[in-house]
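Below is one structure; the comments refer to it alone.
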Amino acid sequence: MKISLRILLTCLVVLFVWACGNKESGGKKKIVIGVSMLSLQNEFIQKVSASLEKHAQEADVELIVVDAERSALKQVEQVENFISQQVDAIILNPAEFEASSPAILRAKKAGIPIVNVNSSTKEKPDAWVGSDDAESAKMAIDFLAKKLNGKGNILIIQGYMGQAAQIDRERGAVEVLKAYPNMKLLATQTGEWDRAKSMALMENWIQSYGDQIQGVFAHNDEMGLGAMQALLDAKKKDKVMVVSVDGIGDAIKAVDAGTLDATILQNAEQQGAQAIAMALDLIHKKPIKETQVLIPFQVKTKK
C-alpha cells in the first residue's frame, strides 16, 4: 500500500511539472516574442507598443516588452538578453540607425528572426514594418508651400540626431525644398523629439528672426506642439504656419482647434499589427513575398 501511494505521488509530481512546463493545453509551447522599444515616454511609440500588445494577445503570443530609453547600447543589451532567453522572435523599434545595428547582427547570428518596426537600422533585419519618413517630410513641406503660395521663410525642428526618422525626414524636407526656390530655410536644429525643448528652441528663434518666420516643420507632433505654444505665447501664431508628424491625441485636438495647422498621420495601429503578423510568419517559416511592409501617411487638417 505504501509503495502504491509513493508511486501515485510521484506520478502526480511528474504530471504537475509537465503541465507547468507547457503554457498551452495540448502540450504546445507558447510563442514568446521579445520587443525592445525606442522610448515608452513617447506618445506615438506608446501607441505602437499598445498595438503590438493587442495583436499579440489576439494571437495568443507572449510578449516581453522593454524600454531602451533612447539608448542604442541598452537596446543591444536587451536583444542579447532576449537571445539568452531563447525567445522565438524579436521586434526592434530602433533607437539609432547605426548604433542599434549590432542588435540585428546578434539576433541573426543566434538564428532568431528579427523585425524592425517604425524605424530603420543600417543592418537589414529579416523584415521591416513602418512608413516612409522621407515621404512624411515631403507632405509637410508641400503643405506649407501650398499655404504660403510657394514663398516664405521656414524653420525645421529635427528629431533626435542619428535616429532613422530624423535622418529620413530631414532628407525628405531638403529634397522637396528644391522644388520651391522662393522658400528659404532660415534655420534647422534638433528638439530631440521633446515638447519643452522645442518650445524653448522656438522662443530663441522668435527672438532671432521675429516677423521673418512664415512656417515651421517639426519632425514630430511633440516638437510641433512646443513650437506652436511658443508662437501662441508670443502672439505670433496667426502669422506662422506649423505642421508636424505622427497624429498623436494632443496634435489632433490642436488641429481641430485651429492652433496647429496640420499633422501628418502615421498609423501606429497598423504598424503594430503588421509587425506581429510578420514575426509570426518568420517563426512559422512561411514564404514571404515582401519583407518590407509600407504603411502610408495621411495629412490631417481642420477641414
Side-chain angles (χ1 to χ4, degrees), residues 31-40 42 44-45 47-49 51-53 55-56 59 61-136 159-160 162-169 171 266-296:
I31 289 172
V32 179
I33 299 176
V35 180
S36 174
M37 302 300 289
L38 156 69
S39 170
L40 291 175
N42 178 286
F44 182 78
I45 300 303
K47 289 168 72 175
V48 176
S49 182
S51 177
L52 289 168
E53 294 269 15
H55 292 282
V61 168
E62 182 181 340
L63 221 57
I64 305 171
V65 181
V66 292
D67 186 354
E69 299 176 333
R70 299 195 185 284
S71 168
L73 179 61
K74 188 171 185 177
Q75 192 160 62
V76 173
E77 291 173 351
Q78 288 170 344
V79 168
E80 288 173 341
N81 286 337
F82 289 148
I83 293 167
S84 67
Q85 292 173 55
Q86 296 183 327
V87 298
D88 297 291
I90 296 168
I91 294 176
L92 186 73
N93 171 222
E96 291 188 41
F97 181 71
E98 292 201 20
S100 292
S101 285
I104 304 294
L105 296 174
R106 303 277 201 286
K108 286 189 170 183
K109 186 177 180 181
I112 297 175
I114 185 162
V115 178
N116 280 1
V117 64
N118 179 252
S119 194
S120 306
T121 47
K122 185 175 182 180
E123 292 294 335
K124 300 300 179 188
D126 295 299
W128 175 87
V129 177
S131 301
D132 185 347
D133 284 309
E135 184 63 24
S136 71
Y160 193 86
Q163 209 262 333
Q166 174 270 321
I167 294 169
D168 291 340
R169 289 174 191 176
R171 174 173 57 82
Q266 187 173 193
N267 196 325
E269 165 65 22
Q270 276 301 304
Q271 289 189 14
Q274 295 294 335
I276 291 293
M278 186 66 79
L280 289 173
D281 284 349
L282 288 166
I283 290 167
H284 296 305
K285 301 187 185 304
K286 291 184 178 180
I288 299 171
K289 293 181 180 179
E290 296 291 338
T291 57
Q292 291 199 358
V293 178
L294 195 63
I295 298 163

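We number each residue from 1, following the sequence as shown. FYI, side chains are in, hydrogens and waters are out, and symmetry mates aren't considered; it's all heavy atoms of this structure.
Among all heavy-atom pairs drawn from Gly272 and Leu52, the shortest one is O-CD2, 3.4 Å. Residues Ala95 and Ser71 approach most closely at CB-C, 4.0 Å, considering heavy atoms. Here the shortest heavy-atom pairing between Ala99 and Val76 reads O-CG2, 3.9 Å.
Interatomic distance, CD1 of Ile90 versus CG of Asp126, reported as 10.0 Å (0.5 Å rounding). If you take CG on Leu92 and OG on Ser101, they are separated by 9.0 Å, rounding to the nearest 0.5 Å. The OG atom of Ser100 sits 9.0 Å away from atom CG of Asn93, with the distance rounded to the nearest 0.5 Å. The distance from the CG atom of Leu294 to the CD atom of Gln271 is 9.5 Å, given to the nearest 0.5 Å.
Not counting sequence neighbours, the partners of Ser120 by the side chain to side chain donor-acceptor pair (under 3.5 Å) test are Trp128. Partners of Gln166 according to the side-chain contact (heavy atoms from CB on, under 4.5 Å) rule, which considers only residues two or more places apart in sequence or in another chain, are Gln158, Met161, Glu170, Trp193, His219. Listed by chain and residue number, Ser119 satisfy the side chain to side chain donor-acceptor pair (under 3.5 Å) test with Gln163 (two or more places apart in sequence, or in another chain). With sequence neighbours excluded, the residues forming a side-chain contact (heavy atoms from CB on, under 4.5 Å) with Glu98 are Lys122, listed by chain and number. Shown here are the salt bridge (charged side-chain N to carboxylate O under 4.0 Å, His left out) partners of Glu269, two or more places apart in sequence or in another chain: Lys54. Scanning for side-chain contact (heavy atoms from CB on, under 4.5 Å) contacts around Gln85 gives Ile64, Asn81, Phe82, Val87, with sequence neighbours left out. Partners of Asp168 under the salt bridge (charged side-chain N to carboxylate O under 4.0 Å, His left out) rule, at least two apart in sequence or in another chain, are Arg171. Under the side chain to side chain donor-acceptor pair (under 3.5 Å) criterion, Gln78 pairs with Ser36, not counting sequence neighbours. With sequence neighbours left out, the salt bridge (charged side-chain N to carboxylate O under 4.0 Å, His left out) criterion links Asp88 to Lys29.
Within 6.0 Å of CZ in Phe97 there are more than 12 heavy atoms belonging to other residues, nucleotides or ligands.
Across Val32, Ile31, Ile276, a single residue satisfies side chain to side chain contact (heavy atoms under 4.5 Å, CB included) together with Leu63, and that is Ile276.
At distances below 3.5 Å, at least one donor-acceptor pair connects side-chain atoms of Ser131 with backbone N or O atoms of Ile295. Checking side-chain atoms of Ser136 against main-chain N and O of Asp133 turns up a donor-acceptor pair under 3.5 Å.
Counting only residues at least two apart or on different chains, the salt bridge (charged side-chain N to carboxylate O under 4.0 Å, His left out) pairs with a member in residues 63-75 are Glu69-Lys74.
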Let me have the donor-acceptor pairs involving side chains of residues 104-117, under 3.5 Å, with sequence neighbours excluded, atom names and distances please.
residue	atom	partner	partner atom	Å
Arg106	NE	Glu80	OE2	2.8
Lys108	NZ	Lys124	O	2.5
Asn116	ND2	Thr121	OG1	2.9

May I have the list of side-chain donor-acceptor pairs in residues 278-293 shorter than 3.5 Å, sequence neighbours left out?
none

CA sep, side-chain torsions, deciding dist, call: Tyr160, Leu38, side-chain contact (heavy atoms from CB on, under 4.5 Å):
CA-CA 11 Å; Tyr160 193 86; Leu38 156 69; over 6 Å; no
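Using a 3.5 Å distance cut-off with no hydrogens or angles, the side chains of Gln75 and Glu96 do not pair a donor with an acceptor.
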